[in-house]
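To start, the structure under review is shown below, and the notes come after it.
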Amino acid sequence: MVVLRLSVVVVVLLTFVQWCAYSQSPSQLFVDITLVKSTTAKDLGAYCLDGSLPAYHFSKGFGSGTNNWLLHIEGGGWCNDVKSCLERAKTRRGSSHYMAKGRVFPGILSNKDSHNPDFYNWNRVLLRYCDGASLAGNSKYEDGGQKIWQAMISDLLPQGLAHAEKALLSGDSAGGLAVFLHCDNFSRSLPGNATVKCISDAGLFLDIKDVAHNDTIRSLFHDVVSLQGVEQNLNQECTSSQSDPKQTVAEAVGDWYFERKVTKLIECPYPCSASCYHSVPAA
């Protein structure tokens, strides 16, 4: 009985500590949610999985960072069949109705120069993720993450993004994959003389067999692309190269050096053959 009571006390204390860690404190920036304008969403047909409005959190820049922008796309996995998308629509990953009305801005979103010396005074935006296809879908099952992306950018352009001098698009996990998919479009949306860079955090998912020797990642993404109509929004140079034969290391290096191809297909799985300088020495 004593052990049980002690366990309950420990659980309560841990819960309280966790709540304190994620609660707003005077030293943290807490940013309210902003819904995309209903007119913009209607014009583009941009809605979350459940038909709610897309959303973001925006902290306005100041001082020398007034004309600089940092947009971060949150992660959150994918839905690859109708059932998983319907379930997702009942969560914050598929509906703005379930999203927190405010978010703490940590890391590169922080407004503290001691924690975030390079971006603390930039315009910082957290783009919420509610389509289940890395903001790239366009199918009959949902109005499309590609349209959600366009709607959020359209919402931010008149707020100063259209005059950006420096801009950084970042994202993590599924949001990191979205960075790969939208970096070029993001750059084209900004002034030609703007310095634009993109960074993907944990957004690369290798097409290799899992520990059970199954093609889990390939199967997952195939289903996401098919269900949500993602292919039309993918880089055509990249998708057209899927039928190309594998290259030798020398050919791939030549294509890279002379900029003949965007993608590089290498013949040998890791570890490479002796012809590759980065091979692992035989034991």
Can a salt bridge be assigned to the pair Asp50 and Lys90 using a cut-off of 4.0 Å between side-chain N and carboxylate O?
-> no

Under 4.0 Å between a Lys/Arg side-chain N and an Asp/Glu carboxylate O for Glu87 and Arg93?
-> no

With distance as the sole test, does Ser95 use its side chain to make a donor-acceptor pair with the main-chain N or O of His97 at under 3.5 Å?
-> yes

Short side-chain to backbone donor-acceptor contact, His182 and Leu177, under 3.5 Å | no

side-chain hydrogen bond (donor to acceptor under 3.5 Å, both in side chains) pairs touching residues 207-220, sequence neighbours excluded, are Asp207-Arg218, Lys209-Asp215, Asp210-Thr216

Do the non-hydrogen side-chain atoms of [X] and [Y] ever get within less than 4.5 Å of each other?
X: Trp78; Y: Arg88; answer: no
X: Leu181; Y: Leu135; answer: no
X: Gln150; Y: Asn185; answer: no
X: Ser110; Y: Phe105; answer: no
X: Val125; Y: His72; answer: no

Is a side-chain donor-acceptor pair under 3.5 Å present for [Y] with [X]?
X: Thr40; Y: Asp43; answer: no
X: Asp131; Y: Tyr47; answer: no
X: Ser59; Y: Asn123; answer: no

Passing option when Arg103 is tested against Leu126, Asp32, Val31 for side chain to side chain contact (heavy atoms under 4.5 Å, CB included) | Leu126

Ring-ring centroid check Phe186 Trp69, cutoff 6.0 Å = no

